[in-house]
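As structure tokens, the structure follows; a few thoughts come after it.
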Amino acid sequence: MSVLIKGKELSEKIVENIAQEVKNYEKKPGLTVIIVGDNPASRVYVNKKKTTAEKAGFNSAVIELPEDVSQQELETHIDVLNKEDTVDGILVQLPLPKHISTYDILERIKPEKDVDGFHPINVGRLVIGLKPYAVSCTPFGIIKLLEENNIEIEGKHAVVIGRSNIVGKPVASLLLNRNATVTVCHSKTASLRRICMQADILVAAVGIAKFVKADWVKPGAVVIDVGINRTEEGKLVGDVDFEEVSKKAGYITPVPGGVGPMTIAMLLANTLELFKLHNNL
Ligand code: NAD
């Protein structure tokens, strides 16, 4: 049976430490989230972000915009927030409606306030190995989980399944920057199982329930499950067949309680960093 990598506990510790630090400051870190439309999953995520930020003593605000908001109107909101002193981090909840250009919106956010690390400047800095203003929260949380569990990255073969801009690509860059040998797999990858079998660290960010099976996993491997999928019965499951894979892996993240809670903890950590940057602390 593998060792459980407990993201819930670590994230609670991180949020608690942040809350303690924030108490020392007269001014409070400010996080504003913009949500467009009525996507129920997005609403759940945004509420969780707001309540956790408040728990840590942040000034937290949510701007709710209708599904048919224009590109220009959304950009105007960002322009105002870019100039607002009390706002350290701006997050636009994705996905956005089809008529909005997501790339233009992400690029509109000032890189120094881009708490999600999605601005091309922050992505570029990450890829060339310079410190970004903020690192994309889920990949950053994955690295924290590995580091806090004393899992060595350097020299290991890390296989990432998924090449999204939100998870797959940034986590691959972070692993590469820490001297792992990284293979990125995706929907057109041939011999996926054979490649996964070579992984010392396997990151699954696919979005297909229980996609990774036990016979894809090298005995003792570290398996990081990023997936959040709902079964027909409404149960939350990851991209990894946890029941079978946990008998074979050395370490594994559960779903829920693994990578998920780390995402919000890292969002707060990023906001705090930007707050310190803006206030020369
Ligand atoms: P995405 O849909 O943008 O990307 C999925 C990736 O999987 C793509 O790159 C695609 O090429 C690859 N893929 C699809 N089918 C495949 C196949 N058959 N074989 C190999 N690769 C295949 O998704 P995403 O935004 O990267 O999210 C992935 C999963 O992670 C989802 O379940 C999502 O809900 C979850 N997620 C969790 C968190 C968190 O906080 N825990 C954050 C972001 C995303």
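Counting starts at 1 for both ligands and their atoms, following the listed order. A quick note: this is a predicted structure, and the numbers were derived from the prediction, not measured.
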| query | Can you list the residues that meet the salt bridge (charged side-chain N to carboxylate O under 4.0 Å, His left out) rule with D200, with sequence neighbours excluded? | reply | K218
With a 3.5 Å cut-off and sequence neighbours excluded, list the donor-acceptor pairs that the side chains of residues 35-45 form with protein atoms.
{"residue": "D38", "atom": "OD1", "partner": "R43", "partner atom": "NE", "Å": "2.8"}
{"residue": "D38", "atom": "OD1", "partner": "R43", "partner atom": "NH2", "Å": "3.2"}
{"residue": "N39", "atom": "OD1", "partner": "A41", "partner atom": "N", "Å": "3.0"}
{"residue": "N39", "atom": "OD1", "partner": "S42", "partner atom": "N", "Å": "3.3"}
{"residue": "R43", "atom": "NH1", "partner": "E64", "partner atom": "OE1", "Å": "3.4"}
{"residue": "R43", "atom": "NH2", "partner": "E64", "partner atom": "OE1", "Å": "3.3"}

| field | Check against side chain to side chain contact (heavy atoms under 4.5 Å, CB included), I5 and I252 | value | CA-CA 6 Å; I5 301 180; I252 191 165; over 6 Å; no
| field | Within the 6.0 Å centroid threshold, strictly below: F275 and F58 | value | no
| field | Within the 4.0 Å heavy-atom sphere of ligand 1, strictly under, residues | value | T138, I161, G162, R163, S164, V167, H186, S187, L192, A205, V206, G207, I208, F211, V226, G227, I228, N229, V259, G260, T263
| task | Kindly state each residue pair satisfying side chain to side chain donor-acceptor pair (under 3.5 Å) with at least one member in residues 78-94, sequence neighbours excluded. | result | K49-Q93, D79-R108, E84-T86, D88-H278
| task | Sort out for me which residue in V171, L175, V259 forms a side-chain contact (heavy atoms from CB on, under 4.5 Å) with P139. | result | V171
